[in-house]
Student: 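Let me begin by handing over the structure; questions about it come next.
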Amino acid sequence: MLTVLLIFLPLLASATVLLVKQPLSKFLAFVVALAELVISIIMAFGFDKTQTAAQFSVHWQWISSLGVNFSVGIDGISMLLVLLTTVLMPGIILSSLNNTTKPPSFYALMLLMQSALIGVFTAMDGFLFYIFWEVALIPVYFICLVWGGENRGRITLKFFIYTLTGSLFMLVALIFLYFHTAGKHSFDIQSLYLAGRGLGESQQVFVFCAFFLAFAIKMPVFPFHTWQPDTYTVAPLQGTMLLSAIMLKMGIYGVIRWLIPVVPVAVNKWGEVAMILAVIGIVYASCIAIVQKDFKRLIAYSSIAHVGLIAAGLFTLNRIGMQGAMIQMLSHGIVVFGMFYIVEIIFERTKTRDLSQLGGIRNVAPLLSSVFIVIMLGSVALPLTSGFIGEFLLINSLVQYQVWIGAVAGLTIILGAVYMLRTFQKVMSGESNPVTALVPDLNYHERLVLYPVVILVLVIGVYPGPLLNISEAAVNNLLSIYSDLSASVK
Amino acid sequence: MIPIENYIWLSTALFTIGVLGVLFRRNAIIVFACIELMLNAVNLLMVAFSSYLNDATGQVFVFFIMAVAAAEVAVGLAILVMMYRNTKSVDIDILNRLKG
Amino acid sequence: MTLYAFYFLSFVAIFSALLVVFSKNPVYSVLYLIITFFAIAGHYILLNAQFLAVVHVIVYAGAIMVLFLYVIMLLNLNEESEPHKNTMVKIAAVFSSGLLLLVLIGSLRGASQLVHKTGGEIGLVQNLGQVLFGEFLFPFEVASILLLAAMVGVVMVGKDEEKNAND
Amino acid sequence: MLTNRSKVVVKKEMNFWERIYLPAILGGIIITIKHLFRRKATVRYPETKRYISDIWRGEHVLKRDEHGAERCTACGLCAVACPAEAITMTAAERKKGEEGLYREEKYASVYEINMLRCIFCGLCEEACPKEAIFLTNRIVTTDYDRESFIYGKDKLVEPVDNRIDVTVRQTQAVQEFKQHKSFSHNR
Amino acid sequence: MNALFVICGIGVFSLLAEVFNWKKWVTLISFIGICVAIGVLLLDWRSVSYYYHGMLFFDRFAMAFTGLILVISVFWYWMSVDFFKGVAHRTDKSALVFFVIAGAIMMVSFNNMAVLFLGIEILSISLYVLAGSDKENLFSTEASFKYFLMGSFATGFLLFGITLVYGATGSFNIVSIADVISSSKDLPRFVYIGVLLIMVGLAFKISAVPFHLWAPDVYQGAPTPITALMSTVVKIGAFAAFVKIFSVSFIRFSFSLLLFEQGLMVLTLVIANVTAVFQSNLKRMLAYSSVAQVGYLLLAFSSDNAHSSGTIFYYLTAYALASILAFTVVQIIENAKGSANISHFQGLLKGSPLMAIAMTIAMLSLAGIPPLAGFFGKYLVFTLSVSKGFVGLTAVAVITSLIGVYYYFKPIVVMCQSEGQPISISNSQKALLIILIFLNLLIGIFPDLIRIV
Amino acid sequence: MIAFLTYKGILVLVIFIITLAVAAYSTYAERKVAAFLQDRIGPDRAGPFGLLQPLADGAKFFFKEEIIPNVSNKVLFVLGPCIAMLTALMAGVVIPWGNTVFLGGKEYALQIADLNIGILYVFGVVSIGVYGIMIGGWSSNNKFSLLGAIRASAQMISYEIAMGLSIIALILMTGTLSLREITLQQAGGIGSHWNFWNVVYQPLGFIIFLVCAFAECNRTPFDLPECETELVGGYHTEYSSMKLGLYLFSEYINMFISSAVISTLYFGGFNFPFMNNVGLSHNWITVLGSAFFFGKVVFFIFFFMWIRWTIPRFRYDQLMNLGWKILLPLAIFNIALTGLVSLLFSR
């Protein structure tokens, strides 16, 4: 029941928010986001870490004629992502409280987004998953479209059509699976798993391709990433945060939840290709990031690089990689959230994102720069920060899988360090110039947002155990199923 | 008795001539008259079939076609006159102001 | 005898139908169409459908074509005001309708297997009435709606707008 | 309103019978059918001629006296009396030796009546103090041009040898009337 | 069945209102009348039977579509209250609209070609006039005339087809036709061309490419409420007729006709969607969109002639609800700014958020974005065709629907840009918008509600 | 076969001649009646009582100069009066001029063709009649002619509807479209077997039919198409000599046929009172019947003329109002009434 509450509370709240005036609306939105956080924490404590099956599950009939049910539930993998969402949402909302006033519709969309995201992470029915997947797209599209920057109409439409194309392929794959379910056709996750595994190899490959396309566009993996930097740049802060911190994870989550268990044979066969794509993406994005002049764009490319690493780790299909991916998802979400916020703070104060114009902020805003350092180090994966755990596990798994791939993927740390430190140097250190001379330091709101981020980065980096425990059972279960099946095929 | 094929040929020919007229002429009234010719070709064939099948329903259907034709003519000519009032022309090629 | 009549009427029908299309003067076109209609009425009589023949004459020749002529005269259309299509369009029109004819002919061959059932009394008023007011009562009644709609429509299109309508 | 013959138009609502017009039409056709059986107003002219009353006011005549002299003295009263202004005349003085021709010293050298204007009312006859002009029962003959309808003295003055009898118009009552100066126009 | 009479009755009543000077009441009575018709329909719901010597057949299919037509009519009437206000001929227009509805009902419930034909004609003739009801406007006149010429041309083909089928089978009853076709071994060959001509005639009516040429012009030229009527009620009627005749009478030919149906479908999908991208007038764009939707319907129908009616019903419902919503907004904008050019939508979000939201919902639904009704329609269609093995065609449809997303999002993007003047809308329009938004969502989220065919 | 053709041929010839004669003398009668109704004498110079006047008129038409306007459409200009004349003559085919006669043991009907759709045939022919006027008026290339033609077509189409509807009420009663059967149903003769004339059952229908007949024949008060005061003669403004003669003739023939149809439909046709009681042989009754029939026809021709000199011409809008707003609803009402009554009485 709590899951249902988690999904529908923001939904109802979003309708309510529309009806009230501006000051109250943002307050209401924030309260709801906090309430969600509380609920999810309660759930995390009540979560049975040993169990592999979904917990807190609800199973209602919905569209009986199509075999679609409203069934949601939370297992270890979901739990982490739900936590990520609920943790970040208050932050995102809080970040908008700063000094820009957004109309109630903005908060309505935010809450809608949260609802959809949680829906995606908890859906235990193929169709429901798809619906939430698409629904999650709409609010963020409008957030970017309405409150975005220059050229937003064209760029956001590109983003929308890209993702929609991917998800349509996913839909086709889902329908394909649906028709292969036994007995009365159903979209139930278990029957879809069975259906997928019952497929022949070529059919599996088809399903794999369709799913992978959808997820790859969402993440985004190398050749499908072209929408991403533009969109990140043009989107408003909150849009960028949503996209990068949470929506990216939808793709990865999709791979874990839907791609690997459904078509293990195809994954076994073609996972390597995906992995190589991801690794290419890492190097490519990192290289581009190095030459970026635009601060926000740089972060965007860095995000591609990191996500590439996660994807590559996933397709190693061993326990370390999986767990690394899980923890890195959290870490990346938190870090990138903080990064973008800092970019926005600087942009707000200097009205520029051009790295060559910035510099010397450390002199005028020490707090800002120290927070930036911590978060940046998290991104660079310095030990004792959250990034380190994840990247270590991931590269480890890649090396186990194939040394050369691991080596190339390892470049991410080096290149990441290069561009991040360069950025720090350009933005923070050096002499203040006229643009940056009068930059004020963090204010109350910003500190309220950024301090928890810093704390989280450090806490996860130091003590990731509980989080890893949450997902361990589910990951093990997944891998055991996979290895059984791929072995049996071979 | 005349073979039914003859009637089929005849009405096909008339029908095609009607279609030809619709495509060929630019005068809206004549285009419209050619549509009437098409309907008449249909009527003729219908009556022929009805007669050959010895089934009165075909001829009854022709009544409905006639009623409809009459109604269509009334409405069509009224619209045509309305159009003529506005454009002072009955040239159907004038009807191309509506473009995207 | 009837066959000759058939050929004669068919010739008249097709010939004047062609003239409908190719006459320059709209009035001639309409008059040729009337001739076509009479030829078709003749066919009806050959087919033993006298009632329909007369109704055909009354409706088409007596009412519909009069309306056509009426409008042509009202708008004073003649040869001079006749718009001309360019040659390409004409060729295209002839070509496409020729194609249609070919398609129709090709697919209509082999109709001779249809067996002629004797009787021949169905064209009489009594029989038609039985069918019309028996089985086809509903369409008959519905046709009144159709005519009503047409009537209202024509009045609406034809009547001048009432200026300064109050409500 | 002077004559009391004009009718006031009443625009009242017509009742049902009036509105369907059929009774009115019926009345109309009854009226016309009645005429079918009336005596015809026309005659087959050359063969049969219409009876003309004695006191019919036809073409004018300028009378001569018993000696054959013209009675008219060109006083102009007739012209004044004429409502249609059809009469015009020019006066002249009688010369020596013309006593047989004209009864008094003054006479009309020109006397014209435009027959197209004349309305044959007879006022000239009444106005004439000399009993010179009279209307007769003769019909003004038709002609082809307007000029020929202006009758001069050549047509108006009665021929000496073919006197026109107007006695029927000179009844006792008329004579007496003419004697009464009080009724006269030129009081 | 009785609903049809009620509708005809209201039409006649509207005419009488002119005589007895009840003009004030026409709108109200019309509303009540349609509601009564819906009520009557619900009362008849369980009685599936033939009427009038098998002229009409009210089964689930017919009743469901009748109900749909009536419900959409209610919204249509609500939306176009202004259309009947102020100007002359209001009773005439109202009567003609009811005749259109009556025609549409006949087209969904016919069991005999005569009723089909008369239904089509009642509907068309009324529409010809209604399309030209804005007599001062040249476009309206032109639209009316174009529609008329094309419509009667199509009628010719339809009739020729009916005649040939009659010649081959000796009947107009669609069930008997099916019987004859399935029982007799040596049908004359011309029955095929007859069926094909019927298809051509009906394709004109449903405006499937390449027989769609009239649609954009007419949609653009006609007064917006009439355009809305054409793209909803009329389309429902026409497509239902198409489905009915080919799923009952010519079901045996479904295999032979498949190629034609699919040809129509592919052309419709590709050409309509691609052309729609280049439109700058929203009415015209919606016209192409409504043509494009026919493509999806055809995809569903051609996949399974016999059992696709449920899907088609759902799709049409979703489409009609979204269309009515879109046209409501377009109409308000057109009244306020003089035309439906897309640039007039600029800044609508800031100016009148409700309208912008409504338009967005409509566009999203038409584009097929979950969880709106349009998505489910497309979903059902794609599922159906995939389940019958037409994967390639489905892929075409998917790609074209992506193109669709592009042009459906154009107004959305425009609306969100720059500032705009507020446009005042009445409370009734607000209520209508809200109800329609709600319905679009409701049917999208709970599609089982209307899976009644 | 030969006998049949001869018989029909003779009949056709006789009826043709009679029609022409009646039409010719109608022109004479028209002038005479006009004169009488206006207390005049009328033509009386040609022959006794002017009886040879029609011949004189005819001769005049023949010898007048033939003028075809230079800018007119020559073929159609000639075609117009021909069509007018042709259609006028054609309508006489189905009218039962008399009952059957027995000659040499064979029965001959005094009717050219007894179509089972006689009334419709008449309608069909009448409805084509308008082409003569339209073509003539249009081809004259004259404004007045064109106006006359347009008026004629509008008028005839409008009144045809009311006319048809009034007939439908009659058909509802009689149950047949054959003019002969309708006549026989009205068989007169008090005493043995007799029926009222249809006019008794259909007074309203009769009035409507009568009014429409006036309009269809372009007779006053509905002579708008040739309305001299406005249109200088309307559609035949440009016509002269025999072509004008044909137009005028066709008008009188139409009047004759209308009268015949009215007599047939509403006044018992060739039936007359006491016909079954006078005790004459069948042939004699037939002859007498025909005489009576012509008497009725003559009466109606007279009636046409009578009305002409009674009622003034309508204005054009009045004409249309009468046709559409009064006669049409009345005719429909009449149908409903007839239907209702026959429904009640058939039970």
Side-chain angles (χ1 to χ4, degrees), chain C residues 17 40 47 64 68 71 75 93 96-97 99-117 119 122 128 130-167, chain E residues 4 8 11-12 14-15 23-24 51-56 85-93 95-96 98-100 102-103 106 110 112 114-115 117-119 121-123 125-130 132-133 135-136 141 144 160 164 167-168 170 172-173 186-190 192-194 196-197:
Chain C
I40 290 175
L47 286 164
I64 292 182
F68 270 98
V71 169
L75 307 185
S96 51
S97 40
L99 211 62
L100 179 70
L101 185 67
L102 277 182
V103 169
L104 286 178
I105 286 178
S107 49
L108 289 177
R109 271 186 299 120
S112 51
Q113 51 186 304
L114 209 65
V115 190
H116 177 223
K117 295 171 187 159
I122 49 135
L128 290 181
Q130 295 294 343
V131 178
L132 187 60
F133 296 107
E135 194 188 344
F136 280 77
L137 184 64
F138 178 76
F140 178 79
E141 297 294 341
V142 160
S144 66
I145 296 278
L146 173 86
L147 294 175
L148 193 62
M151 215 159 79
V152 174
V154 171
V155 168
M156 200 172 122
V157 169
K159 214 160 119 190
D160 280 334
E161 293 285 346
E162 296 160 32
K163 298 283 184 273
N164 313 325
N166 290 328
D167 47 355
Chain E
L4 179 59
C8 292
V12 176
S14 300
L15 291 176
K23 289 186 204 174
K24 290 193 274 263
Y51 295 93
Y52 296 107
H53 305 273
M55 283 292 151
L56 293 177
K85 265 192 191 143
V87 260
H89 302 309
R90 116 190 217 187
T91 52
D92 298 354
K93 282 180 191 167
L96 286 177
F98 277 104
F99 293 147
V100 168
M106 277 178 231
F110 70 97
N112 191 300
V115 180
F117 173 59
L118 285 171
E121 285 302 317
I122 290 174
L123 174 132
I125 285 181
S126 310
L127 270 183
Y128 302 150
V129 176
L130 284 172
S133 59
K135 286 196 278 185
E136 308 293 312
T141 322
S144 161
F160 202 57
L164 289 174
F172 292 113
N173 187 308
D186 49 346
L187 280 172
R189 272 172 53 194
F190 57 73
Y192 294 99
I193 192 84
L196 214 57
L197 284 171

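Here is the naming used below: chain letters follow the sequence lines, and residue numbers restart at 1 for every chain. Note: hydrogens, waters and symmetry copies are ignored here, and every other heavy atom, side chains too, is used.
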Student: Pick one of side chain, backbone, both or neither for E:Phe160, based on which atoms fall under 4.5 Å of a heavy atom in chain C.
Tutor: side chain

Student: Look at E:Leu197, E:Leu164, E:Ile122 and state which one has the largest set of heavy-atom pairs under 4.5 Å with chain C.
Tutor: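 Maximum pair count with chain C is reached by E:Ile122.
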
Student: Check step by step if side chain to side chain contact (heavy atoms under 4.5 Å, CB included) holds for C:Phe138 and E:Leu4.
Tutor: CA-CA 12 Å; C:Phe138 178 76; E:Leu4 179 59; 3.8 Å; yes

Student: Please determine, among C:Leu146, C:Val103, C:Ile145, the option with the most heavy-atom pairs under 4.5 Å with chain E.
Tutor: C:Leu146

Student: Please classify the contact between E:Phe172 and chain C as side chain, backbone, both or neither, with a heavy-atom cut-off of under 4.5 Å.
Tutor: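 The side chain, not the backbone.
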
Student: Report yes if the side chains of C:Leu148 and E:Val12 come closer than 4.5 Å at any heavy-atom pair, otherwise no.
Tutor: yes

Student: Under 4.5 Å from any heavy atom of chain C, what part of E:Phe99 do you find: side chain, backbone, both or neither?
Tutor: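 The answer is the side chain of E:Phe99.
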
Student: Please report the interatomic distance CG(E:Leu15) to CE(C:Met151), rounded to the nearest 0.5 Å.
Tutor: 8.0 Å

Student: Where do C:Glu135 and E:Met55 come nearest, in terms of heavy atoms and distance?
Tutor: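 Heavy atoms only, the tightest pair is O-CE, 3.2 Å.
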
Student: Does the side chain of C:Phe136 come within less than 4.5 Å of E:Asn112's, by heavy atoms?
Tutor: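 Answer yes - side chains close enough.
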
Student: Where do E:Val115 and C:Pro139 come nearest, in terms of heavy atoms and distance?
Tutor: CG2-CG, 4.0 Å

